[in-house]
Amino acid sequence: MWLLPLLIVATTVALSVPMGRFLARVLDGKYTPPPGAARIERLLNTGPQNWKEYAFSLLLFNTLMFVFGYLVLALQPVLPLNQRDAAFPDGKGMLSPTTIFNTVTSFLTNTNLQHYSGEQHLSYFSQLVFVLWNMFASAAVGFSALAAVIRGLRGDPDMGNFYLDMWRVVVYVFVPFSLLTGVLLLAAGVPMTLEPAAEVRTVQVGAMGTDTVDGKEVPKPQVIARGPVAAVLPIKHLGTNGGGFFGANSAHPFENPTAWTNVLECVSILIFPFSLVVMFGRMLNQPRHAAVIYTVMMSMFLAMIVWAVHHDTGKPNPAFGAHPETKVTVPGAPEKVIAPLVALPVDSTGLGNTEGKELRYGPSAGPTFAAVTTAVTCGSVNCMHDSLNPLAGLTPLVGMQLNCVFGGKGVGLINMLVYLVTAVFLSGLMVGRTPEYLGKKVEAREMKLAMLALLIHPLLILGPTGLFAALDWGKQATNNPGAHGYSEILYEFSSASANNGSGFEGLGDTHGFNDAKKNLSAPAPFAAHWDIATGLVMLLGRFVPIIAPLALAGSLAAKKRVPFTSGTLRTDTITFGFVLLGTVLLVGSLLFLPALALGPVAEHLGPMPFGR
């Protein structure tokens, strides 16, 4: 049970050190580019940029990406590679306008929250030109922003050049490692084809029923979706994107065929977030300081895995067992009778909660993947998070809400730096000294920017969650009443604000094609509300926590370095590690614990099937 998470973490830690050194060389330009690449670099390099110019270039690039993405999805019916098969004989239609807005925003912000199902709603052209391009570009944006912040923190006269950083990250980092991972996945059986869906006639009768052939009843053909899956999967994980080619994501056998590919995908998700901390220490020439941050992040990450595996794999799902009729009496409220439950014919002895899990990867693979994918805001899933035991379901929620347990590509470490500045400020106040970080005084302007980056995240989660939970927009979308339904709403906005993209599922938020007749199922009643609300949350949750730290780093870069004295707070000690960890947990608890108490905690303590 514990061997799988141990193997994944140990492998990634071992790889992260050389990878972090390599990334520092690339981002600092200490490499020899190929001849052709050197010429392109000279064309892209528009010169050194201060933080405002860097931020403007970043926003301009993303605006153009939004326009391009919207056009590709809106014109999908008339663009090439719109495959036709038995399920869609006239090809894929146009998604509803609000779903296009949500999808473009989602991939632009490295979220990949999917209010659609890939094999049903996107053509091969949309998958290859829209999805694949955004997965490379949006991941590189966060990566580049972190490099700019590091340059500001070390006191460089400029923040670098955004376009040059993007080129270096995409061409020298993402492309070669995606090709390598793609070959490994192809060898394991992940398909790579432009042929339309296959039609096969099964031996047994499936859900499609039977046909009459020559007077005999035979099973109807089954339509098996496929496509250029191996092209999309590597950057889906390496870029912590998470958008699945199929609706089932990494639980689909074509996305994650074996236990070996499951380990490979977990390592792919973690490798760059781990390595970025090493790169941070290398670029700053502060390896001890980076080791403290790495240890704090790793402590929280290991705690998430242990908690998830213990509460899901170590304990069965009580809903599988029989329960007698129960009466719940609460003073001041009418007595409630819980109907008896009949035991399901499922034997999961020694396996824990097997509901919603792919057991071909092993019983602990589901909760481990859930912790991995939400610690680094990837969003890829290999099990139904909705089916985790309630306390195990706390893990992905906490990972997304803290949003600094390694976190997404670049942005996770930026979030941790915001917590770090807050910890430095609080420590300085406690000893009565002006706080300093890396030899620069942290004053009111820096703290205002840090608070802006820190508080926008809970505001974007708790505000919309309360609104949707109080209105029919949320009530009619949830698949379960009570605490579990509330968790579905809370999870959706946590995922959107953290730019994670994973879904708790059980939430009706899909409209599908604009022409409702082409949809295989009826559109959800308030799908447009979910599309617009989560789209706006994703935009604000992406760019405010990037722009504010850029301004913070630019402000620190402009200050004179103060001399190191005996009164200077050291940030490369074990003591400061505890201060940083305490700051993250204290602030996180104050912001999110009440909301969690109403969701998974209340469900665990509730009458049935949990809590008894």
Side-chain angles (χ1 to χ4, degrees), residues 24 27-28 48-59 142-162 165 276-277 279-293 296 404 407 410-431 433-456 543-565 567-573 576-577 579-580 583-584 587:
L27 268 300
D28 270 340
Q49 295 175 321
N50 59 33
W51 79 265
K52 292 180 182 175
E53 293 168 333
Y54 202 98
F56 176 78
S57 299
L58 187 151
L59 293 175
F143 212 116
S144 302
L146 173 63
V149 168
I150 295 173
R151 295 184 188 113
L153 293 178
R154 73 183 179 189
D156 285 9
D158 59 76
M159 311 286 277
N161 183 279
F162 172 75
D165 285 342
L276 286 175
V277 187
M279 182 193 85
F280 172 79
R282 195 84 174 175
M283 289 180 71
L284 278 178
N285 196 24
Q286 298 266 359
R288 285 173 57 93
H289 177 45
V292 170
I293 297 175
V296 171
C404 64
V411 181
L413 184 52
I414 291 177
N415 291 333
M416 178 54 91
L417 294 176
V418 171
Y419 276 108
L420 197 150
V421 169
T422 307
V424 166
F425 185 78
L426 293 175
S427 304
L429 290 180
M430 285 190 284
V431 298
R433 290 182 59 88
T434 303
E436 300 166 7
Y437 180 54
L438 298 175
K440 305 292 181 72
K441 288 187 177 180
V442 178
E443 298 175 297
R445 174 180 167 79
E446 289 77 33
M447 282 311 300
K448 288 176 183 175
L449 291 168
M451 287 301 101
L452 176 63
L454 190 65
L455 295 180
I456 189 71
F543 293 109
V544 173
I546 285 181
I547 302 301
L550 270 176
L552 191 156
S555 176
L556 289 177
K559 292 186 174 183
K560 290 184 179 179
R561 197 173 294 276
V562 297
F564 186 87
T565 68
T568 302
L569 175 68
R570 296 188 58 171
T571 55
D572 57 355
T573 61
F576 183 75
V579 171
L580 179 58
T583 303
V584 173
V587 174

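What you see is a predicted model; the values in this text were computed from it and never measured. Computation of the quantities below employed the complete heavy-atom set of this structure, encompassing side-chain atoms and omitting hydrogens, waters and symmetry-equivalent molecules.
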Nearest-0.5 Å distance, CG of residue Leu449 to CG of residue Leu454: 12.5 Å
Between Leu420 and His289, is there a side-chain heavy-atom distance shorter than 4.5 Å? yes
Heavy-atom nearest pair, Phe162 first then Tyr54, reads N-CE1, 3.3 Å
For Lys559 and Lys441, indicate whether the former's side chain and the latter's backbone hold a donor-acceptor pair under 3.5 Å. yes
Got a donor-acceptor contact below 3.5 angstrom from the Arg288 side chain to the Gly281 backbone? no
Atom of Ala24, atom of Arg282 and distance for their closest heavy-atom approach: CB-CG, 3.6 Å
Quick check: do Pro435 and Leu569 have side-chain heavy atoms less than 4.5 Å from each other? no
Main-chain N/O of Ala551 paired with Ser555 side-chain donor or acceptor, under 3.5 Å: no
Side-chain heavy atoms of Asn161 within contact of Gln49, under 4.5 Å: yes
Report yes if some heavy atom in the side chain of Gln286 is under 4.5 Å from a heavy atom in the side chain of Phe280; otherwise report no. no
Kindly compute the distance separating CZ (Phe56) from CD1 (Ile547), expressed to the nearest 0.5 Å. 11.5 Å
Output the distance between atom CD (Glu446) and atom OG1 (Thr422), rounded to the nearest 0.5 Å. 12.0 Å
How long is the gap from CG on Leu580 to OG1 on Thr571, to the nearest 0.5 Å? 10.0 Å
Side-chain contact, heavy-atom cut-off 4.5 Å: Arg151 with Asp165? yes
Where is the tightest heavy-atom contact between Ala553 and Leu153, given as atom of each residue plus distance? CB-N, 4.4 Å
Does Ile414 reach the side chain of Pro545, with side-chain heavy atoms less than 4.5 Å apart? no
Quickly, which of Met451, Met447, Met416 forms a side-chain contact (heavy atoms from CB on, under 4.5 Å) with Val421? Name it, please. Met447
Determine the minimum heavy-atom distance between Asp156 and Ala557, stating which atoms define it. O-CB, 4.0 Å
Compare all side-chain heavy atoms of Val149 with those of Leu413 and state whether any distance is below 4.5 angstrom. no
For Leu276 and Phe143, what are the C-alpha separation, side-chain angles and deciding distance, and is it a side-chain contact (heavy atoms from CB on, under 4.5 Å)? CA-CA 9 Å; Leu276 286 175; Phe143 212 116; 3.5 Å; yes
Say whether, by atom type as modelled, one donor and one acceptor occur between the side chain of Glu436 and the main chain of Val562 under 3.5 angstrom. no
Any side-chain heavy atom of Leu438 sitting closer than 4.5 Å to one from Leu556? no
Would Leu452 and Val544 count as a side-chain contact (heavy atoms from CB on, under 4.5 Å) if you check the C-alpha gap in whole Å, the side-chain angles of each, and the deciding distance to 0.1 Å? CA-CA 8 Å; Leu452 176 63; Val544 173; 4.1 Å; yes
Shortest non-hydrogen contact from Val418 to Ala450? CG1-O, 3.4 Å
Could you report the tightest heavy-atom contact between Thr583 and Ala423, atom names first, then the distance? OG1-CB, 3.5 Å
Has the side chain of Asn50 got a donor or acceptor atom that lies under 3.5 Å from a matching backbone atom of Glu53? yes
Show your working on side-chain contact (heavy atoms from CB on, under 4.5 Å) between Phe576 and Val424 and close with a plain yes or no. CA-CA 9 Å; Phe576 183 75; Val424 166; 3.9 Å; yes
Can you tell me how far apart CD1 (Ile293) and OH (Tyr419) are? Round to the nearest 0.5 Å. 14.5 Å
